[in-house]
Amino acid sequence: MKKKLLLAVDGSPCSTQALEYIAALFADQPEVSFHVLHCTSIGSSVRPEAEDPENSLLPTDHRLDRHQAIGLLHLKKAENQLTALGVVASRITSSTIPNATGVAASLKGYAEKHLVDSIVVARRGIGVVGEMLLGSVSAELFRKCRKIPLWIIDGEVTTKRFFVPVDGSVNSLMAVDHLAHIFAGRNDIAFLFFHTRSLLSSRVQCVPEDFYDRWGKEWCDTHLQGKNCLFTGPIQLLLDAGIDKEMIHTLPEPTALEESSSIIGNARKHKCGTIVIGRRREGMAKGIFGSISSRTVMQTQNMALWIIG
């Protein structure tokens, strides 16, 4: 199945590291294509994206202003980097868009219009306090982007070990469903499932009926029951996608004072480079991943974080 990733670039070293991360995962996967996007400062004469570039009547010899020219240089740099990392040029497209409503809003709007499988954005690594005071594109996307999975890359990430917290919720299983879609048929990625609970919380019980609308009664009744239901459903989703059972692992369940710190700490302990987390849908009553996801975003450094929902 074809997949398309939206790669936001700005020419920074952080953006370069994000491209390296993506190429390491998907350079040899021909079903994955990449659209490199740069948000150009408002006021520049940005050429609108043609609906059909091959048959467009838009002029190609228009005068570029400084902002547009810089944006195109960033795009060219990113394209050259991807091809140098083994991505076939025919799998790469690119464009610039104005950020009249802000970079995060522009990226979100483009991603939703073009139905990409994920938005990939680098975080500058300014630290928790700095991000709280100044904000960032990644933080703004986290607050506003729920329809499209968001992949935030912080620093240099080389390992293909994915750390997947689960909690028996629809949001958690949706995150695993995204993984199954992205990595269907692959056997070079390791998945480590993990559940943690606070000292005062009770043990989670799966409710198959909550999942019927998405996965059907028969599948849910088969795979979302029993004392290991937190893991059997997620594992089955990966198996159904053709992922080898030897690449799927479950970890012991600890108790912790604070779940997000436990997630990040155990991800590092088990040498994982990416944390994949599902969060509650907008408007839902606050659940276990409602606050955990936001704290994990704020605390995670030098790792990749995939957020679904």
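Positions are given from 1 along the sequence. Computed over heavy atoms, backbone and side chain alike; hydrogens, waters and symmetry mates excluded.
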**Asked** If only atom types and distance count, is the side chain of Arg123 paired as donor or acceptor with the main-chain N or O of Ser138 below 3.5 Å?
**Response** no
**Item:** Shortest non-hydrogen contact between Ile189 and Lys160, atoms and distance
**Value:** CG2-O, 3.5 Å
**Asked** Between Arg161 and His270, is there a donor-acceptor pair closer than 3.5 Å when you use the side chain of the first and the backbone of the second?
**Response** yes
**Message:** Donor-acceptor pair, distance only, cut-off 3.5 Å: does the side chain of Asn187 make one with the backbone of Asp244?
**Reply:** yes
**Prompt:** Is the closest side-chain heavy-atom distance between Val121 and Leu150 below 4.5 Å?
**Reply:** yes
**CD-OG distance between Glu20 and Ser15, expressed to the nearest 0.5 angstrom** = 10.0 Å
**Prompt:** Between Asp177 and Arg214, is the closest basic N to carboxylate O distance under 4.0 Å?
**Reply:** yes
**Asked** How far apart are the closest heavy atoms of Leu82 and Ala23, and which atoms are they?
**Response** CD2-CB, 4.5 Å
**Prompt:** Testing Lys4, Lys3, His181 for side-chain hydrogen bond (donor to acceptor under 3.5 Å, both in side chains) with Asp117, which one passes?
**Reply:** His181
**Request:** Apply the test side chain to side chain contact (heavy atoms under 4.5 Å, CB included) to residues Phe193 and Ile248: give CA-CA distance (whole Å), side-chain angles for both, the deciding distance (0.1 Å), then the verdict.
**Result:** CA-CA 8 Å; Phe193 287 112; Ile248 305 170; 3.6 Å; yes
**Asked** When you look at His35 and Ser94, which way does the side-chain hydrogen bond (donor to acceptor under 3.5 Å, both in side chains) test go after all the steps?
**Response** CA-CA 5 Å; His35 187 79; Ser94 63; over 6 Å; no
**Message:** Could you measure the distance from the CG atom of Asp188 to the CG atom of Leu25? Nearest 0.5 Å is fine.
**Reply:** 8.5 Å
**Asked** Is Arg268 reaching over with its side chain to a backbone N or O of Gly273, donor-acceptor style, under 3.5 angstrom?
**Response** no
**Shortest non-hydrogen separation from Ile148 to Ser118 and the atoms involved** = CG2-CA, 3.8 Å
**Partner of Thr232 by side chain to side chain contact (heavy atoms under 4.5 Å, CB included), out of Asn228, Ile235, Leu230** = Asn228
**Request:** Kindly determine whether Ile119 and Cys145 satisfy side chain to side chain contact (heavy atoms under 4.5 Å, CB included), including the steps that lead there.
**Result:** CA-CA 9 Å; Ile119 300 173; Cys145 187; 3.7 Å; yes
**Asked** How far apart are the closest heavy atoms of Val157 and Ala304, and which atoms are they?
**Response** CG2-N, 3.7 Å
**Prompt:** Between Phe162 and Trp306, what is the ring plane arrangement, given parallel below 30°, perpendicular above 60°, and tilted in between?
**Reply:** perpendicular
**Phe34 and Phe26, any side-chain heavy atoms less than 4.5 Å apart** = yes
**Prompt:** Are Thr40 and Asn99 side-chain neighbours, meaning at least one heavy-atom pair lies under 4.5 Å?
**Reply:** no
**Complete:** SG (Cys272) and CE (Met303) are apart, to the nearest 0.5 Å, by 6.5 Å
**Message:** Tyr21 vs Thr274, test: side-chain hydrogen bond (donor to acceptor under 3.5 Å, both in side chains). Steps then yes/no.
**Reply:** CA-CA 10 Å; Tyr21 169 84; Thr274 304; 2.7 Å; yes
**Message:** Using modelled atom types and a 3.5 Å cut-off, is there a donor and acceptor pairing between side-chain atoms of Lys77 and backbone atoms of Gly11?
**Reply:** yes
**Complete:** So CG of Leu224 and OH of Tyr212: to nearest 0.5 Å the spacing works out to 9.0 Å
**Message:** Would Arg279 pass as a cation-pi partner of Phe142, given that its NZ or CZ must be under 6.0 Å from the six-membered ring centre and within 45 degrees of the axis?
**Reply:** yes
**Message:** Between Leu5 and Val116, is the side chain to side chain contact (heavy atoms under 4.5 Å, CB included) condition met? List the steps.
**Reply:** CA-CA 6 Å; Leu5 309 182; Val116 300; over 6 Å; no
**Item:** Side-chain (Ser172) to main-chain (Ser169) donor-acceptor, under 3.5 angstrom
**Value:** no
**Message:** When you group the ILVMFWY residues by side-chain heavy-atom contacts below 4.5 Å and let the links chain together, are Leu7 and Ile70 in the same group?
**Reply:** no
**Request:** Is it possible for you to say whether Leu73 and Ile97 belong to one hydrophobic cluster, with membership spreading through side-chain heavy-atom contacts below 4.5 Å?
**Result:** no
**Fill in**
Sequence neighbours excluded, the answer for ring pair (Phe, Tyr, Trp, His ring centres under 6.0 Å) partners of Phe194 is Phe163
**Item:** For the student: nearest non-hydrogen atoms of Gly278 and Ala175, plus distance
**Value:** N-CB, 3.7 Å
**Item:** Any Cys39 side-chain heavy atom under 4.5 Å of Leu107 side chain
**Value:** yes
**Item:** Test log, rule side chain to side chain contact (heavy atoms under 4.5 Å, CB included), inputs Val164 and Leu192
**Value:** CA-CA 6 Å; Val164 190; Leu192 285 73; over 6 Å; no
**Prompt:** Between Gln225 and Asp221, is there a donor-acceptor pair closer than 3.5 Å when you use the side chain of the first and the backbone of the second?
**Reply:** yes
**Prompt:** What are the two closest non-hydrogen atoms of His178 and Pro149, and how far apart are they?
**Reply:** CE1-CG, 3.4 Å
**Message:** According to ring pair (Phe, Tyr, Trp, His ring centres under 6.0 Å), who are the partners of Phe231, at least two apart in sequence or on a separate chain?
**Reply:** none
**Asked** Does Met174 belong to the same Ile/Leu/Val/Met/Phe/Trp/Tyr cluster as Val207, with side-chain heavy atoms less than 4.5 Å apart forming each link?
**Response** no
**Prompt:** When rounded to the nearest 0.5 angstrom, what is the spacing between NE2 in His195 and OG1 in Thr250?
**Reply:** 13.0 Å
**Request:** Give the cluster check for Val166 versus Leu239: same hydrophobic cluster or not, with ILVMFWY residues linked at side-chain heavy-atom distances below 4.5 Å.
**Result:** yes
**Message:** Between Ser106 (side chain only) and Pro98 (backbone N and O only), is there a donor and an acceptor less than 3.5 Å apart?
**Reply:** yes
**Within 6.0 Å of CD in Glu156, more than 12 heavy atoms from elsewhere** = no
**Asked** If you round to the nearest 0.5 Å, how far is CG of Leu238 from CZ of Arg186?
**Response** 13.0 Å
**Prompt:** Below 4.5 Å, heavy atoms only, C-beta onward: do Ser95 and Leu37 meet side chain to side chain?
**Reply:** yes
**Prompt:** Does a side chain donor of either Asp10 or His74 reach within less than 3.5 Å of an acceptor in the other side chain?
**Reply:** no
